[in-house]
Amino acid sequence: MRLPNGDEVTAPTPVWGLDIQCEKGTNLSYGPWADRQREQLFLFFFPQDYQTMKVFIFIASVPGEIRQVQQFDVRLNILAEATVDILFSKLIMRDGKQENQTNAVHMNVQRGSYFEMTLPWTVSDDGYVTKINGQFLHVDASSSLNYRNLLEAETLDYRVNVHYPRVWNHHQTWDLEFNGCKATYHFLYAHKEFFQDMIEDWSSRVPPDLLHFVPYSWNFIIRMQEFELITLANGYNWVDCEHQANAHIAFCGELFDLRFTLPFTDFLPETVLLKFIIVGENVDLSLFLPPTNTSSNIITALSRNARLIEKEDRPKHSFSSEKWRKFCKLSSGWVDCWHVPELQLSISYTYHPVPPVGPSPQANVSTPEKEELLLSPIRAPHRKKSPMEIIKNLTPEQFDPTSVTADCINVDLRITKPSEIKLYGSVLRMFINLK
């Protein structure tokens with residue numbers, strides 16, 4: 001269309017989408033099982049033809065013809081308090097039988113939270129990108145473990161961009177970004193296995209197959225403004241789930257930025273290198289001892305009444321108390337031990353993955369051993385045992401861990417500006433417990 005002044009105006013593309021309004025009593029549940037059903041529905045309506053996708057060529061709309069739809073938008077708005085459950089399961093042994101144990105992450109969110117997803121219907125030269133973003137307001141998350149506390153945040157924004165190339169088995173990129181404000185996260189060692197079970201349930205249960213292998217990378221960015229990271233530092237890895245006698249070490253600060261990549265780019269790699277980069281600004285190390293600890297009253301009294309001086313005998317001001325705190329409040333008995341204006345922690349972890357064993361003899365038998373097993377019925381009866389038979393007959397007591405190559409972890413901590421530390425004996429002891 002051309003306006004009288006000579007400007008050309010292009011008609012907007014058709015809007016195609018789905019708007020969902022959630023009011024009182026909303027409970028949303030999702031998880032690996034539901035995601036597998038979604039995948040089956042997608043494969044039913046849009047089956048994979050394993051062909052290179054054609055580039056979409058935009059043609060200007062002609063009067064009288066149907067305009068071309070370029071994307072499908074889904075938006076979900078929460079208009080009242082709601083709950084969100086992420087359910088997953090793991091296999092456990094009970095009375096000699098395998099059973100599925102259901103675990104969950106339970107979240108309470110407030111009105112104003114939303115979810116958006118954009119599914120493109122066009123393909124460019126480099127493929128297409130599926131976008132997911134949203135926000136949780138005043139989120140309160142707990143786990144199904146006996147120690148329930150997990151995460152509290154004023155706002156939690158999330159964004160997921162999935163880039164699919166035109167060729168079905170070319171490298172895919174998944175970018176995941178989480179931004180939280182005024183967040184308190186409780187970390188236990190048990191959470192490591194808890195979230196690992198979630199990832200294993202969510203990942204494919206099909207044994208590795210080179211013909212269907214698709215390389216992809218997951219890029220994570222986790223950023224928190226005004227945060228508290230609470231850890232437990234009880235002796236002997238003991239946890240009081242009633243929160244009466246727990247010792248804590250907490251990391252509090254204005255900025256927490258964690259970036260790492262999970263590369264799944266090689267088929268059955270011998271080693272995988274993971275790199276984690278953590279940046280913190282105005283970070284405090286805080287200590288809490290329960291009243292049952294004999295050092296609790298002494299450390300609290302020293303923190304409140306000790307007179308600190310500099311080299312020139314000038315009084316030194318204590319750590320600033322004008323900071324956001326929700327859990328680690330000084331009035332509740334917490335003690336600040338270390339203040340760092342800026343730090344960077346780099347961790348590189350090289351490990352040897354153990355792929356799932358596929359149906360014999362595909363995934364775990366090399367070609368020579370496979371040939372030996374297939375031809376064994378027609379060979380002479382007194383033959384040598386194949387390497388696979390020797391490995392199967394090896395008992396755990398006969399296995400020597402030093403015979404395999406060790407994993408490697410490199411840790412580099414850099415503090416670029418002057419920091420202040422109050423070194424209490426209990427801090428060292430609790431760091432040993434935390435380790």
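Computed over heavy atoms, backbone and side chain alike; hydrogens, waters and symmetry mates excluded. Everything numeric in this text was worked out from a predicted model, so none of it was measured.
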Query raised in the report: Can you tell me how far the CG atom of Leu258 sits from the CG atom of Leu229, to the nearest 0.5 Å?
Result: 10.5 Å

Report task. Kindly indicate whether the side chain of Gln225, heavy atoms from C-beta on, has any atom under 4.5 Å from the side chain of Lys182. Result -> no

Report task. Check Ser286 against Asp336 and note the closest heavy-atom contact, atom names and distance. Result -> OG-OD1, 2.7 Å

Query raised in the report: Roughly how far, to the nearest 0.5 Å, is the CD1 atom of Ile78 from the CZ atom of Arg111?
Result: 11.5 Å

Report summary line: Heavy atoms of Trp338 and Glu420 approach each other most closely as CD1-O, 2.8 Å

Query raised in the report: Around atom CG of Asp400, are there more than 12 heavy atoms of other residues, nucleotides or ligands at under 6.0 Å?
Result: yes

Requested in this report: Carefully, step by step, assess Tyr147 and Leu232 under the rule side chain to side chain contact (heavy atoms under 4.5 Å, CB included).
Outcome: CA-CA 11 Å; Tyr147 190 91; Leu232 265 70; 3.6 Å; yes

**Report entry** Test item: Leu423 and Leu428 side chains (from C-beta on) under 4.5 Å apart, heavy atoms
**Finding:** yes

Query raised in the report: Do the side chains of Thr271 and His352 get nearer than 4.5 Å, heavy atoms only?
Result: yes

Query raised in the report: Hey, are the side chains of Pro120 and Gln70 touching, using non-hydrogen atoms and a 4.5 Å cut-off?
Result: no

Query raised in the report: Counting heavy atoms not belonging to Trp218, are there more than 12 under 6.0 Å from its CH2?
Result: no

Report task. Provide the closest heavy-atom pair for Phe194 versus Ser144 in the form atom of the first, atom of the second, distance. Result -> CE1-OG, 3.6 Å

Query raised in the report: Is Arg223 salt-bridged to Asp157, cutoff N-O under 4.0 Å?
Result: no

**Report entry** Atom pair CG/CG of Leu285 and Leu287 - distance to nearest 0.5 Å
**Finding:** 7.5 Å

Query raised in the report: Do the rings of His191 and Tyr185 sit parallel, tilted or perpendicular, given the 30° and 60° boundaries?
Result: tilted

**Report entry** Side-chain touch Met93/Gln98, heavy atoms, less than 4.5 angstrom
**Finding:** yes

Query raised in the report: Hey, mind stepping through Asp175 and Asn219 against side-chain hydrogen bond (donor to acceptor under 3.5 Å, both in side chains) and telling me if it holds?
Result: CA-CA 5 Å; Asp175 296 325; Asn219 302 317; 2.9 Å; yes

**Report entry** Ile278 vs Phe256 side-chain heavy atoms within contact, under 4.5 Å
**Finding:** yes

Requested in this report: Could you tell me whether the side chain of Thr231 and the main chain of Ile249 form a donor-acceptor pair under 3.5 Å?
Outcome: yes

Report task. Give me the ring orientation class for Trp202 and Tyr30: parallel if the planes are under 30° apart, tilted from 30 to 60°, perpendicular past 60°. Result -> tilted

Contacts under 3.5 angstrom, residues 46-53 side chains, donor-acceptor by atom type, not counting sequence neighbours:
residue	atom	partner	partner atom	Å
Gln48	OE1	Tyr50	N	3.1
Asp49	OD1	Gln51	N	3.2
Gln51	NE2	Asp49	O	3.3

Query raised in the report: Roughly how far apart are Ser332 OG and Phe288 CZ, rounded to 0.5 Å?
Result: 7.5 Å

Query - Any donor-acceptor N/O pair, Asn234 side chain to Ala247 backbone, under 3.5 Å - result: yes

Query raised in the report: So Phe276 and Phe260, would you call those rings parallel, tilted or perpendicular, with 30° and 60° as cut-offs?
Result: tilted

Requested in this report: First locate atom CD of Glu177, then atom CG of Asn161, and finally report the distance between them rounded to the nearest 0.5 Å.
Outcome: 9.0 Å

Requested in this report: Kindly compute the distance separating CZ (Phe187) from CG (Leu150), expressed to the nearest 0.5 Å.
Outcome: 11.0 Å

Query raised in the report: Going through the checks in order, is the side chain to side chain contact (heavy atoms under 4.5 Å, CB included) test met by Ile277 and Gln344?
Result: CA-CA 7 Å; Ile277 298 178; Gln344 179 174 336; 4.1 Å; yes

Report task. May I ask you to check whether Tyr158 and Phe178 place their ring centers less than 6.0 Å from one another? Result -> no

Requested in this report: Give the C-alpha distance, both sets of side-chain angles, the deciding distance and a yes or no for side chain to side chain contact (heavy atoms under 4.5 Å, CB included) between Phe72 and Leu18.
Outcome: CA-CA 8 Å; Phe72 181 78; Leu18 175 66; 4.1 Å; yes

Query raised in the report: Under 3.5 Å, side chain of Arg166 to main-chain N/O of Gly127, donor-acceptor pair present?
Result: no

Report summary line: Residues Gln135 and Leu137: closest non-hydrogen pair is OE1-CD2, 3.4 Å

Requested in this report: Mind listing the closest non-hydrogen atom pair of Ala245 and Trp238 along with its distance?
Outcome: O-CZ3, 3.5 Å

Report task. List for me each residue that meets side chain to side chain contact (heavy atoms under 4.5 Å, CB included) alongside Tyr351, sequence neighbours excluded, and say none if there are none. Result -> Val272, Leu274, Tyr349, Pro353, Asp407

Requested in this report: Provide the closest heavy-atom pair for Trp121 versus Val69 in the form atom of the first, atom of the second, distance.
Outcome: CB-O, 4.0 Å

Query raised in the report: Are Asn108 and Asp140 close enough that a side-chain donor and a side-chain acceptor fall under 3.5 Å?
Result: no

Requested in this report: Evaluate the side-chain proximity of Asn410 to Asp412: yes if any heavy-atom separation is below 4.5 Å, no if none is.
Outcome: no

Query raised in the report: Within the side chain of His248, is there an N or O that forms a donor-acceptor pair under 3.5 Å with the backbone of Trp334?
Result: no

Query raised in the report: Side chain of Asp85, backbone of Leu87: donor and acceptor closer than 3.5 Å?
Result: no

Report summary line: Residues passing the side-chain hydrogen bond (donor to acceptor under 3.5 Å, both in side chains) test with Thr118, sequence neighbours excluded, are Asp73

Report task. Check whether any side-chain heavy atom of Gln68 lies under 4.5 Å from a side-chain heavy atom of Phe56, and answer yes or no. Result -> yes

**Report entry** Full working for side chain to side chain contact (heavy atoms under 4.5 Å, CB included) between Thr83 and His106
**Finding:** CA-CA 7 Å; Thr83 60; His106 179 79; 3.8 Å; yes

Report task. Step through the shown structure and confirm whether more than 12 heavy atoms of other residues, nucleotides or ligands are within 6.0 Å of CZ on Arg414. Result -> no

Query raised in the report: Is Arg148 atom CZ crowded by more than 12 heavy atoms from other residues, nucleotides or ligands, each under 6.0 Å away?
Result: yes

Report task. Mark yes or no for whether Gln172, through its side chain, and Val214, through its backbone, hold a donor-acceptor pair below 3.5 Å. Result -> no

Report task. For residues Phe227 and Phe251, establish whether the separation of their ring centroids is below 6.0 Å. Result -> no

Requested in this report: Give a yes or no on whether Ile57 atom CD1 has more than 12 heavy-atom contacts from other residues, nucleotides or ligands under 6.0 Å away.
Outcome: no

Query raised in the report: Is there a donor-acceptor contact under 3.5 Å linking the side chains of His171 and Ser217?
Result: yes

